[in-house]
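Below is one structure, written out as structure tokens; comments come after it.
Only a predicted model underlies this, so the values are computations on that prediction, with no experimental measurement involved.
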Amino acid sequence: MKVLGIESTCDETACALVCDGREILSNVVSSQINLHEQYGGVVPELACRRHIDVILPVLNECLKQAEVKKEEIDLIAVANGPGLIGALLIGLNTAKALALGLGKPLVGVNHVEAHLYAALMSRPEPVQFPCLGVVLSGGHTTLLKIETLGRYTLISETVDDAIGEAFDKAAKILDLPYPGGPRIEALAKEGNPLRYPLKPGRVKGQPLHFSFSGLKTGVLYAARGQNGQAVQEMRAQDKADLAASFQRVALKDIFDKTVAAAELTGCHTLVFGGGVTHNRALRALFETESPHLQCLWPGPGLSLDNGAMIAGLGYHKFLENGAASLDLDAITRIPF
Ligand code: KG4
Ligand code: ZN
């Protein structure tokens, strides 16, 4: 079954063609980083306009690379949430128009669930459930027990910023361009991670929940120093040390709570998803410090927002629940 996946939840416009939930025929992503960089973050209105401009060219490129004609598509899967409402509507309406015009079934996919599916579709053999799902993205920091595909029990989440957002905000404080995650990771390689005594966030009475706003404030105070200096006055080595210290504390916090959640739920396999899983230091931490846990990571091109994970999961949703109606709504927040 050839499934077209459409993703436009935030600042990536993406289409992919995937066979039977697993075999990727094409995976085309148009990133808007250059557009938003000058504002230090995603500007929703600009994101929507760019989605409109590029969605059809991205779709055509996706079909061309897969060597598939529109008429040969069997199912259209679209990320209908969570995300920015205007951005979601561009992908959703494109998907509906295609479904109506081609007479093909439509299915809606939860973008966050698809981030976890990205790691599952990257493996040659099926995984043994239950597993612990670890979503680390710009919008989510969530631990959930995956009972089986489509059945989840929420274990914990962030009470304020998401981990990717924390990376982006720390980068902004250090005067690094958007998106901050890769910039912090690169700068941290040059720095001393033990230089600044930053503290991980604790949530009273909820030991597995996350909080990153205090850590971000810690970075701000450390950057200003005792004299309240401007960040531009920081020595390059101090900046690198602060980036390294922030990354160490943030990643260790995720590591500790994830390992504790794995113990609590009796899960021996961790399924990672979301843009922050691109971070090599995160992967190295889990691979070296928790050898008793099996770690499943998204394959190349599947960490950041992409259409392949939407098409992959859409295939299973269709087999399980059938097609959605053309009334399918965009949903900005979807609780687990
Ligand atoms: O999953 P994603 O593409 O979009 C959302 O659904 O949010 O994640 C984007 C987030 C951004 O906050 C970005 O800074 C972060 O992932 N990110 C990273 C890295 N690459 C991307 N964070 C840390 N280290 C990285 N190498
Ligand atoms: Zn995402």
**By ring pair (Phe, Tyr, Trp, His ring centres under 6.0 Å) - contacts of F272 (at least two apart)** = F286, W297
**Prompt:** Does H51 have any ring pair (Phe, Tyr, Trp, His ring centres under 6.0 Å) partners at least two apart in sequence or in another chain, and if so, which?
**Reply:** none
In chain order, what residues pass the side chain to side chain contact (heavy atoms under 4.5 Å, CB included) check against [X], with sequence neighbours excluded?
{"X": "R22", "answer": "none"}
{"X": "A260", "answer": "L208"}
{"X": "Q232", "answer": "D175, A230"}
{"X": "A47", "answer": "Q32, H36, V42"}

**Request:** Quick one: which residue pairs count as a ring pair (Phe, Tyr, Trp, His ring centres under 6.0 Å) with a foot in residues 158-186, not counting sequence neighbours?
**Result:** F167-F246
**Prompt:** Pairs in or reaching into residues 214-240: which pass ring pair (Phe, Tyr, Trp, His ring centres under 6.0 Å), with residues at least two apart or in two chains?
**Reply:** none
Anything under 3.5 Å between a donor and an acceptor, one on a side chain of residues 322-336, the other on a protein residue two or more places apart or in another chain? List them.
| from | atom 1 | to | atom 2 | distance (Å) |
| --- | --- | --- | --- | --- |
| S325 | OG | D327 | N | 3.0 |

**Prompt:** Sequence neighbours excluded, which residues qualify as salt bridge (Lys or Arg N to Asp or Glu O under 4.0 Å) partners of K252?
**Reply:** D256
**Asked** If you look only at pairs with a residue in residues 127-149, which of them pass as a side chain to side chain donor-acceptor pair (under 3.5 Å), with sequence neighbours excluded?
**Response** E147-T153
**Request:** Could you work out the complete set of other residues in the hydrophobic cluster of V58, with links drawn between I, L, V, M, F, W and Y side chains under 4.5 Å apart?
**Result:** V28, V54
